[in-house]
Protein chains: 2
Amino acid sequence: MPDDDLPPLPGFDLDHFTPYRLSVAAERVSEELARVYRERFGLSIPQWRVLVHLASSGDVSVREIEARVAMEKSKVSRAASRLEAAGLIGKTVNDADRRLVRLSLTAKGRALMAELLPLAEAYQREIEARLGASFAAFAAGLETLLGARR
Amino acid sequence: MPDDDLPPLPGFDLDHFTPYRLSVAAERVSEELARVYRERFGLSIPQWRVLVHLASSGDVSVREIEARVAMEKSKVSRAASRLEAAGLIGKTVNDADRRLVRLSLTAKGRALMAELLPLAEAYQREIEARLGASFAAFAAGLETLLGARR
DNA sequence: GCAGTTTCGTTGCATGTGCAATGAAGTCAA
DNA sequence: TTGACTTCATTGCACATGCAACGAAACTGC
């Protein structure tokens with residue numbers, strides 16, 4: 001019996017608190033997926049995001065990736081530096097606007113993505129299978145939460 | 001025109017990649033909520049999680065919180081130290097097993113939670129409102145993703 | 001009772017992150 | 001052109017984090 005009697009706290013069940021569950025679920029899924037990037041390809045999540053964006057959108061600047069992929073520009077910048085060091089992307093100055101950096105996949109980076117993207121797609125299908133019939137509603141819910149912001 | 005012709009990469013749309021969307025959604029929701037803890041009460045997310053668990057489960061050890069609340073024990077330990085420094089919780093040795101630390105809310109901590117928990121509940125209701133009819137399916141999806149592990 | 005092992009919580013260390021400051025480049029108005 | 005202002009990418013710095021190592025305490029089998 002810890003205390004005398006104090007005003008009772010409102011009952012609160014963390015397990016039904018959506019922000020918490022959402023956060024833990026995201027962590028688990030990300031971790032599960034990140035293991036593949038890391039162990040098989042030596043990539044971090046920020047690096048993976050940059051690569052995916054390059055693969056689907058051609059050459060882009062750091063700024064574009066920042067906006068498009070929900071990552072701080074410093075995070076993008078550092079991820080890009082490492083990808084460059086690993087020979088997966090190239091960085092050149094944009095001639096039209098010399099403040100901008102033009103990131104582009106190297107042949108090596110392209111080859112890596114050709115291997116990686118199918119794995120990502122397979123994982124996506126696995127998640128859809130796990131969620132079954134409620135997948136559509138779940139995805140819609142995610143979009144709602146994302147759209148409701150700014 | 002960046003390259004000659006290389007084997008085309010499989011098309012991949014990050015916006016329909018559930019792990020990514022999930023991760024960004026969680027980040028946004030957490031950030032929105034964390035702002036309240038931080039600005040109004042000076043609490044970090046780990047600290048908040050410890051407090052919530054103490055509020056709903058009475059006195060517990062670090063180990064229990066780690067298991068219950070999906071946080072590394074070092075994270076729990078550091079959060080607890082700061083909460084103690086802030087006078088919100090107390091740490092005592094468990095007499096039955098002197099390896100264990102007994103964490104418990106102080107009167108000050110209790111008072112804080114009495115203020116904070118209603119805000120959390122209000123936020124929960126707001127999320128439910130945002131999601132509307134699909135909330136149940138969304139929450140069920142989260143549970144599926146959480147349960148499918150280990 | 002006692003060596004060997006396990007569990008608990010803390011801490012040292014290397015790494016990742018956000019934020020603010022910086023410098024280079026571009027824009028705009030006069 | 002010049003000078004004030006903005007935009008872009010990088011980097012310095014302070015701080016959070018994960019992991020491994022550690023010491024203390026508790027079990028375990030003998």
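In what follows, every chain begins at residue 1, and chains take the letters A, B, ... in the order their sequences are listed. The basis for the numbers below is simple: all heavy atoms, side chains too, and nothing from hydrogens, waters or symmetry mates.
- Arg49(B) and Ser23(A) share a donor-acceptor pair across their side chains, judged by distance under 3.5 Å alone.
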request  = Please step through side-chain contact (heavy atoms from CB on, under 4.5 Å) for the pair Leu100(B) and Arg63(B), ending with a clear verdict.
outcome  = CA-CA 8 Å; Leu100(B) 280 81; Arg63(B) 191 89 184 130; 5.9 Å; no
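- A side-chain contact (heavy atoms from CB on, under 4.5 Å) with Leu103(A) is found for exactly one of Ile65(A), Leu83(A), Asp59(A), Thr92(A), namely Ile65(A).
- Test Lys75(A), Arg82(A), Arg78(A) against Pro46(A) for side-chain contact (heavy atoms from CB on, under 4.5 Å) and you get one pass: Lys75(A).
- As a whole-Å value, the separation of Arg102(B) CZ from dG9(C) P is 13 Å.
- Close approach of DNA chain D to chain A, defined as any atom under 4.0 Å from a non-hydrogen atom of the protein, starts and stops at dT7(D) to dG12(D).
- Residues passing the salt bridge (charged side-chain N to carboxylate O under 4.0 Å, His left out) test with Arg98(B), sequence neighbours excluded: none.
- Relative orientation of the Phe12(B) and Trp48(A) rings is perpendicular, given thresholds of 30° and 60° on the angle between their planes.
- Remark on DNA chain D: of its neighbouring residues Glu66(A) and Glu27(A), the 5'-side contact belongs to Glu66(A), judged by nearest-heavy-atom nucleotide.
- The minimum heavy-atom distance linking Pro118(A) with Met113(A) is given by the pair CD-O, 4.0 Å.
- Against DNA chain C, the stretch residues 72-91 of chain A makes heavy-atom approaches under 4.0 Å through Glu72(A), Ser74(A), Lys75(A), Arg78(A), Arg82(A).
- The nearest pair of heavy atoms linking Pro10(A) to Leu117(B) is O-CD1, 3.5 Å.
- Scored by the side-chain contact (heavy atoms from CB on, under 4.5 Å) test, Arg99(A) finds Asp97(A) as partners (sequence neighbours excluded).
- Residues meeting the salt bridge (charged side-chain N to carboxylate O under 4.0 Å, His left out) test with Arg40(A), sequence neighbours left out: none.
- Rounded to whole angstrom, the span from the CE atom of Met71(A) across to the C1' atom of dG16(C) amounts to 12 Å.
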Between the protein and nucleotides 24-28 of chain C, list every N/O to N/O distance that falls short of 3.5 Å.
from: dG26(C); atom 1: OP1; to: Arg98(A); atom 2: N; distance (Å): 2.8

